[in-house]
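One structure below.
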Amino acid sequence: MQDRFGRTVTYLRLSVTDRCDLRCIYCMAEEMTFVPRRDLLSLEELDRVCGVFIRLGVRKIRLTGGEPLVRGGIMTLVHALARHVAEGTLEEVTLTTNGTRLARHAGELAAAGVRRVNVSLDSLNPDRFRTMTRHGDLAQVLEGISAAAQAGLAVRINTVALAGINEDELAELVLWSGARGHDICFIEAMPMGDTGQDRTAHYLPLSLVRNRLARRFTLNTSAHRTGGPARYVHCVETGQRIGFITPMTHNFCESCNRVRLSCTGTLFLCLGQEETADLRAPLRRSESDELLTAAITEALWRKPRGHDFVIDRNRPTLARHMSVTGG
Ligand code: SAM
Ligand code: SF4
C-alpha cells in the first residue's frame, strides 16, 4: 500500500471504542457524547476489515480507543487477530491501554500471542493521578502494569508531559519505569478536541524535557525504532530506552507509515487532518471484499502530506478528540 508521496503503509491503529472509564484532562471533556452503540462496527466486522488490510500489506495492528479493554468481547477480536500472527501474515498485535483493566486481561493477552503493551501513566502521585484522569485510581493501574509484566508482556509507559502539572515528576517516572525494566515514552500534548481546559497554559515542548533529563541522566542517542514516531535515547543509569513523540516541535510526517480506523468504520488518513474515508458502507454492501479493498486503495491515495497542528490559544486545531482515532 503506497501513497502518492511514496510512503508505504504497514501499520493500522484500530480504535475499537471511543468510550473510556477515565477522562484525562488533555484528552476528553468531563461530559462526553459517545457514539451510539448501534453505530459501532461489530467485532466480526472489525476482524474482516483487518483481514483486508493485512492482505493489502499491513504488518502491525494496534488496538486502542477510547479504552480498548472496556469494549465488550474485545478478547474475541484479539484472538481473531492473533491467528494472523500465528499464520505469519501479521508481525504483531499490540494494545495501548490506560491499564485500569489490565490486571484482569494480562494473562489472556499474553496467552493469545500479544507480546507488547503500551500503558499510559502520567503521574505516580495518587492525588495527582486522580486529578489528571478526573477520577482514576492509581493503584489499579499499577496493579495492571505488574500483572502485564508478570504475564511476560513487554510494557512501555506512555506519559503526556504537561507544564505545571506533571513536569516535576518526569525524572521520577523515568526511574520508576527503569527500575521495573520498562521503556518510557514522553508525548507532547496535541490540540485535539475540546477538553474544557486551557491547552496553551500546559503545553510543554519535549526539547525542554530532554534537556532537563540530560542534566540528571546520561542519554545516548539510540537507533531503536518501533515503527512509530518515537525517537529514542538510551539511558545509561537505568538501562532503559526513553522515547520522545514530538508532533508539535518536530514534524515526523515524512516517514508516516500508518492509518487509523475508528470504531464506526471511518478511516482517518492522518491524525492531524480531516481527510477520511467511510469503510462501513462498502463493508456492509457486499459479502465479498472487493468494494472494501477498492475503498481502502482509493483512500490511501488521498493520504495528506502532513499535519498542521499548532497550539493556538484555547482553540483545538481539530474538533475531533484523540479517543476517536486512538492516538
Ligand atoms: N485509553 C488508552 C490510553 O490512554 O492509553 C488508549 C487511547 S489514548 C487516546 C492513546 C494515547 O494518546 C495515550 O497515551 C494518551 O495519553 C494519548 N493522548 C490522548 N490525548 C492526547 C492529546 N491531546 N495529545 C497527546 N496525546 C494524547
Ligand atoms: Fe481515556 Fe486514554 Fe483518553 Fe485517558 S487518554 S481519557 S485513558 S482514552
Side-chain angles (χ1 to χ4, degrees), residues 12-50 61-81 93-106 108-109 112 114 117-122 129-138 140-141 143-145 148 158 160 187 189-197 259-268 271 276 278-280 283-284 316 318-327:
L12 174 68
R13 287 182 78 102
L14 182 57
S15 175
V16 294
T17 175
D18 64 336
R19 288 166 199 259
C20 187
D21 51 349
L22 301 181
R23 293 286 182 279
C24 301
I25 49 173
Y26 49 80
C27 178
M28 291 193 184
E30 199 143 15
E31 298 299 327
M32 292 285 291
T33 309
F34 295 112
V35 166
R37 287 183 208 278
R38 62 173 182 278
D39 290 344
L40 293 184
L41 294 190
S42 69
L43 295 171
E44 292 75 18
E45 286 174 323
L46 289 173
D47 181 31
R48 193 177 139 206
V49 184
C50 287
I61 295 180
R62 178 172 292 277
L63 302 181
T64 171
E67 173 48 39
L69 295 179
V70 305
R71 171 91 196 241
I74 186 64
M75 290 311 300
T76 317
L77 182 64
V78 172
H79 283 288
L81 294 178
V93 181
T94 54
L95 193 83
T96 298
T97 173
N98 64 24
T100 58
R101 299 185 181 204
L102 199 49
R104 207 179 305 168
H105 294 290
E108 193 176 351
L109 286 168
V114 174
V117 289
N118 290 353
V119 186
S120 300
L121 180 64
D122 299 324
F129 184 85
R130 193 175 298 281
T131 308
M132 289 185 79
T133 56
R134 294 202 185 93
H135 64 249
D137 177 6
L138 176 67
Q140 206 179 22
V141 173
E143 196 193 329
I145 294 172
N158 276 352
V160 175
I187 306 173
M190 294 169 237
M192 292 184 67
D194 183 13
T195 55
Q197 299 264 328
V259 287
R260 297 171 165 84
L261 186 68
S262 79
C263 55
T264 55
T266 302
L267 185 66
F268 288 88
L271 181 60
T276 61
D278 172 40
L279 299 188
R280 186 170 56 179
L283 175 80
R284 291 188 175 166
L318 279 182
R320 173 177 93 229
H321 288 93
M322 187 74 101
S323 46
V324 173
T325 46

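The chain is numbered in sequence order, starting from 1.
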Taking the side chain as C-beta and beyond, is there a heavy-atom pair between [X] and [Y] under 4.5 Å?
X: Thr276; Y: Asp278; answer: no
X: Asn118; Y: Arg62; answer: yes
X: Thr195; Y: Ile25; answer: no
X: Val49; Y: Leu267; answer: no
X: Leu271; Y: Arg13; answer: no
X: Leu40; Y: Arg71; answer: yes

Could you check whether any side-chain N or O of [X] sits under 3.5 Å from a backbone N or O of [Y], counting only pairs where one atom can act as donor and the other as acceptor?
X: Asp18; Y: Phe34; value: no
X: Arg101; Y: Glu67; value: no
X: Arg19; Y: Val35; value: yes

Among all residues two or more places apart in sequence or in another chain, which pass the side chain to side chain donor-acceptor pair (under 3.5 Å) test with [X]?
X: Asp21; value: Asn98, Thr100
X: His79; value: Glu108
X: Thr76; value: none
X: Thr17; value: none

| message | Are there over 12 heavy-atom neighbours, none belonging to Gln140, within less than 6.0 Å of that residue's CD? | response | yes
Considering all heavy atoms of both residues, which atom of [X] and which atom of [Y] are nearest to each other, and what is their separation?
X: Phe268; Y: Ser262; value: CE1-CB, 3.9 Å
X: Gly136; Y: Leu22; value: CA-CD2, 3.5 Å
X: Phe129; Y: Leu138; value: CD2-N, 3.5 Å
X: Leu43; Y: Gly72; value: CD1-O, 3.6 Å

| request: Under the side-chain contact (heavy atoms from CB on, under 4.5 Å) rule, what do Leu41 and Leu279 come out as? Steps first, then yes or no, please. | output: CA-CA 10 Å; Leu41 294 190; Leu279 299 188; over 6 Å; no
Rounded to the nearest 0.5 Å, how far does [atom2] of [Y] lie from [atom1] of [X]?
X: Leu46; Y: Leu77; atom1: CG; atom2: CG; value: 6.0 Å
X: Arg134; Y: Cys27; atom1: CZ; atom2: SG; value: 9.5 Å
X: Leu14; Y: Ile61; atom1: CG; atom2: CD1; value: 7.0 Å
X: Met132; Y: Asp122; atom1: CE; atom2: CG; value: 4.0 Å
X: Leu109; Y: Leu102; atom1: CG; atom2: CG; value: 7.0 Å
X: Leu121; Y: Ile145; atom1: CG; atom2: CD1; value: 5.0 Å

| Picking from Val16, Val119, Val117, what satisfies side-chain contact (heavy atoms from CB on, under 4.5 Å) with Leu95? | Val117
| message | Quick test of your reading: applying salt bridge (Lys or Arg N to Asp or Glu O under 4.0 Å), list the pairs with at least one residue in residues 23-46, sequence neighbours left out, ordered by first then second residue. | response | Glu45-Arg284
| task | Determine, stepwise, if the pair Leu81 / Leu63 fulfils side-chain contact (heavy atoms from CB on, under 4.5 Å). | result | CA-CA 10 Å; Leu81 294 178; Leu63 302 181; 3.9 Å; yes
| message | Among residues at least two apart in sequence or on other chains, which ones pass salt bridge (charged side-chain N to carboxylate O under 4.0 Å, His left out) with Arg48? | response | Asp289
| message | Under a 3.5 Å cutoff, is there a donor and acceptor pairing between the side chains of Arg260 and Ser15? | response | no
